[in-house]
A.B. asks: 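Dropping a structure here in C-alpha cells format, bear with me for questions.
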Amino acid sequence: MTQSIKLEDPRLFRQHAYIDGKWTYGDGGRDEAVTDPATGAVLGHIPLLEADQIRGAVDAAEAAFVHWRALRADERCERLLAWYDLLQAHREDLATIMTLEQGKPMPDARGEVEYGASFVRWFAEEGKRTFGETIPSHIPNAALGTLKEPVGIAALITPWNFPLAMITRKAAAALAAGCTVIVKPANETPFSALALAELAERAGIPAGVFNVVLGDPPEVSKILCAEERVKALSFTGSTRVGRLLLEQSAHTVKRVSLELGGNAPFIVGPDMDPKEAALAAVAAKFQTAGQDCLAANRILVHESIHDAFVEHFAERMAALTVGNGMQSEVDLGPLIHGQAVEKAASIVDDALSRGATLVAGDQNQAPGPNFFMPVLLTGVTPQMQVWREENFAPVAGVTAYADDDQVIEMANDTEYGLAAYVYTHDIRRIWKLLRALEFGMVSVNSVKMTGPPVPFGGVKQSGLGREGGITGIDEYLETKYYCLGALGSVSGS
Ligand SMILES: NC(=O)c1ccc[n+]([C@@H]2O[C@H](COP(=O)([O-])OP(=O)(O)OC[C@H]3O[C@@H](n4cnc5c(N)ncnc54)[C@H](O)[C@@H]3O)[C@@H](O)[C@H]2O)c1
Ligand SMILES: N[C@@H](CC=O)C(=O)O
C-alpha cells in the first residue's frame, strides 16, 4: 500500500539524494522503501548510492568549501537566517513529513521543527562571534594571537528519533563556522533531511555546501570515515554505532563529536509532592513514545512517598492516548518499527522474570503492530535490562531508595552519562546531587532542559563534545596560533 502525502508545497517531498545542488538517483539502481510506522504504508523510496557517488559528494563539498569559507561571517549569517525563515514558513509541511516518517504526534513534530529552526538562528548569530585572541608576548619584538578557522568538510550522521533537529543542531554550527557538510540521515527518516536540503537551496546556500547522501548505512559511513578530506565527523545515535565510527575515524585522525545514548535517572526527594513529581516523570518518560535520549528511564523515588507516587504515575499514564500521530489528541505514536516493539517486549519480560511488578501496560490494547502501550514496572533492580540498557520505548521502571548516598550510587550505576533529573526543593540536597551525579546535564525541577543556548552532551559512554550553546561551534573550528616576529619596538607586550 502506498500513501499519498498532501503538502501545501509538494516540492518539499523529495525522493533523491542531494549532491552539489542536484537531485541524484543511485547509479546502481538500488533503492529502499520508506514506510509510515503507524500504518505500514509506503511513503516513498530513496536511492542507495554507490561508493563513487559518496566520494562525488566529498568532491562537491571540497570544491564548495573554497568559496563558502571565503564569505564574510555576516554573509553566511544572512543565508542561514533565510534558511531559518523558510523553516518557519514551511513548519506545517515539515511537521507533516516528520509525523508520517517518524510517527511522533503532530504537535510534537511542530515543536521539533521550531526546535530545529532555533539552532539555525542561534548559529547564524554565533558565526559572527568566532573570536580569536591576542596573547601577551613572551618573545621580544613579536605579536602573538590566535585565529579561528573552519575545519573543512564535516560529515554529519544522524538518527531517526529527531529527524530534523539533530541535523540542524550540527549543520547550522558547521555552516556558520565556514565548513561544508555531508549529511547522512537515518534511512527510516530521510524525507525531513531532504526537505531541509530543498529549503537550504531556496535560502541561497550554494551548491556543494549542504549535501544529503543516502545509502547502506555501514557502507556510507565507512567511506566518510576513511576519507581524508572529511575533517570532522559528528554523529548522533546509539553508543554501539558511535564506538564503531570512532574506531573507523582513527585512521584519518578526524575531529569526532559523538552524541550517544542515555539512560536518565529521575530522582524524587522525600520532600516532594508525589503527584507533582509523578506528572513531571510521566512527561519526562513518554515523549516521542520513550524514544528519546533524555527519557527518564530509571525513576528513583524516596521510600516515604514511593507508593503514592506510583499511584499518581499510573493514573496519569492511563490518561495517555496511543495512536496515529496524524490524529488529534494522540500523546504517543508508534515505535519506529517491529524490531523496536520486540525489544520493548523482551525488556519487560526480562524485568518480570527477575521479580519486577507490572503495575500497568496491557499490550492487547495496542492499536497496531508497531504500537507499544506505556508500561509501568516497580521493583526494578540493577540486574534487569530495563535498568542497564537504554530501553528506547515507553517502559518506565520505578525503584524506591532510602537516602541520598544510596540514590547517588544507584543513579550513577550505568555506563551512560547523558542527562539526569532531580526533583526536590531542598537546596542542600540539590547541590549534593548536582555535584555527585556523573551526567553531562542535570535538570532540577524541570522536564524541559534543552534549547539553542545549552551545551548539550554527555559524559562516560554517552559521548564526546557538546552541541549548541556558545561552544557548539568550536566542534567545527580550528585554532590557528600566529607569531608575528621582528616587529621592532611597536610590538609592545
Ligand atoms: N545524545 C543525543 O543527543 C542523542 C539524540 C538523539 C538520539 N540519540 C541516540 O540515538 C539512538 C537512536 O537512534 P538510532 O537507532 O537511529 O541510532 P543508530 O546508531 O542505529 O543510527 C544512527 C545513525 O547511524 C547509522 N548507522 C546505523 N548502523 C550503522 C552502522 N553499522 N555503521 C554506520 N552507520 C550506521 C544510521 O543509519 C543512522 O544514520 C539512541 O541510542 C539515542 O539515545 C542520542
Ligand atoms: N530530546 C533530545 C534529542 C534526543 O533524543 C534533544 O532535546 O535534543
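Indexing begins at 1, ligand by ligand and atom by atom, following the structure's order. For the single chain, residues carry numbers from 1 onward in sequence order.
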A.B. asks: Which residue owns the protein heavy atom closest to atom 27 (C) of ligand 1, what's the atom, and how far is it?
C.D. replies: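 Going atom by atom, the protein heavy atom closest to atom 27 (C) of ligand 1 ends up being V241 CG2, 4.0 Å.
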
A.B. asks: Would you verify whether the NZ or CZ of K104 falls within 45 degrees of the ring axis of F162 while also being under 6.0 Å from that six-membered ring's centre?
C.D. replies: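 Geometry flag: set, cation within 6.0 Å and 45°.
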
A.B. asks: Between R169 and F456, is NZ or CZ placed under 6.0 angstrom from the six-membered ring centre and within 45° of the ring axis?
C.D. replies: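 Yes.
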
A.B. asks: Identify, for atom 12 (C) of ligand 1, the protein heavy atom at the shortest distance, and state residue, atom and that distance.
C.D. replies: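 Ranked first by proximity to atom 12 (C) of ligand 1 is F392 CE2, 3.4 Å.
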
A.B. asks: When you measure from atom 1 (N) of ligand 1 to every protein heavy atom, which one gives the shortest distance, and what is it?
C.D. replies: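 Minimum-distance protein heavy atom for atom 1 (N) of ligand 1 reads L260 O, 2.8 Å.
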
A.B. asks: Does an N or O anywhere in K184 fall below 3.5 Å from an N or O of ligand 1?
C.D. replies: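 Right, the criterion is met.
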
A.B. asks: Does T158 reach ligand 1 with a nitrogen or oxygen that is under 3.5 Å from one of the ligand's nitrogen or oxygen atoms?
C.D. replies: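 Yes - when backbone and side-chain N and O of T158 are compared with those of ligand 1, one distance drops under 3.5 Å.
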
A.B. asks: Please work out whether any backbone atom (N, CA, C, O) or any side-chain heavy atom from C-beta onward of S462 is under 4.0 Å from ligand 1, and answer side chain, backbone, both or neither.
C.D. replies: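 Within the 4.0 Å criterion, S462 makes no contact with ligand 1.
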
A.B. asks: Every pair of nitrogen or oxygen atoms between ligand 2 and the protein that is under 3.5 angstrom apart - can you list them with their distances to 0.1 Å?
C.D. replies:
unit_1, atom_1, unit_2, atom_2, d
ligand 2, 1 (N), D292, OD1, 2.9
ligand 2, 1 (N), D292, OD2, 3.2
ligand 2, 5 (O), N161, ND2, 2.9
ligand 2, 5 (O), D292, OD1, 3.3
ligand 2, 5 (O), C293, N, 2.9
ligand 2, 7 (O), Y115, OH, 2.9
ligand 2, 7 (O), T450, OG1, 3.3
ligand 2, 8 (O), Y115, OH, 2.8
ligand 2, 8 (O), R169, NH1, 2.8

A.B. asks: With only distance considered, is S221 within less than 3.5 Å of ligand 1 through an N or O on each side?
C.D. replies: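 Yes.
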
A.B. asks: Nearest protein heavy atom to atom 24 (O) of ligand 1, by residue and atom, and its distance?
C.D. replies: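 Here the nearest protein heavy atom works out to F235 CE1, 3.3 Å.
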
A.B. asks: If I apply the N/O under 3.5 Å rule, does R240 come out as touching ligand 1?
C.D. replies: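 In fact, backbone or side chain, R240 has no N or O that close.
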
A.B. asks: In this structure, does ligand 1 have an atom that sits under 4.0 Å from one of the heavy atoms of R169?
C.D. replies: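 Per 4.0 Å heavy-atom rule, R169 contacts ligand 1.
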
A.B. asks: Short list, please: which atoms of ligand 1 are under 4.0 Å from a heavy atom of F456?
C.D. replies: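 Near F456, meaning under 4.0 Å from one of its heavy atoms, ligand 1 has 2 (C), 3 (O).
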
A.B. asks: When you measure from the heavy atoms of G242 to every atom of ligand 1, does any distance fall below 4.0 Å?
C.D. replies: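 Distance cut 4.0 Å: G242 fails for ligand 1.
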
A.B. asks: Which residue supplies the protein heavy atom nearest to atom 41 (O) of ligand 1, what is that atom called, and how far is it?
C.D. replies: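 The answer is E390 OE1, 2.6 Å.
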
A.B. asks: Select the closest option to atom 9 (C) of ligand 1 among P163, G237, G261, C293, judged by heavy-atom distance.
C.D. replies: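 Selected option, by shortest heavy-atom distance: G237.
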
A.B. asks: Flag N187 as yes when one of its N or O atoms lies below 3.5 Å from any N or O atom of ligand 1, and as no otherwise.
C.D. replies: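 Checking ligand 1 against N187, no N or O pair falls under 3.5 Å apart.
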
A.B. asks: Using 0.5 Å steps for rounding, measure from the CD1 atom of I223 to the NZ atom of K184.
C.D. replies: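 The distance works out to 12.0 Å.
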
A.B. asks: Do the rings of Y18 and W23 sit parallel, tilted or perpendicular, given the 30° and 60° boundaries?
C.D. replies: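 Ring orientation of Y18 relative to W23: tilted.
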
A.B. asks: Consider ligand 1: state whether an atom of it lies below 4.0 angstrom from any non-hydrogen atom of F162.
C.D. replies: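 It does not; every heavy atom stays at 4.0 Å or beyond.
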
A.B. asks: Just jot down the side chain to side chain donor-acceptor pair (under 3.5 Å) partners of K343, sequence neighbours excluded, or say none.
C.D. replies: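 K343 satisfies side chain to side chain donor-acceptor pair (under 3.5 Å) with no residue once adjacent residues are dropped.
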
A.B. asks: Please say whether N161 places an N or O atom under 3.5 Å from an N or O atom belonging to ligand 1.
C.D. replies: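 Min N/O separation from ligand 1 is not below 3.5 Å for N161.
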
A.B. asks: Examine the proximity of ligand 1 to I157 and report which part, side chain or backbone, both or neither, has a heavy atom under 4.0 Å away.
C.D. replies: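 Within the 4.0 Å criterion, I157 contacts ligand 1 through side-chain atoms alone.
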
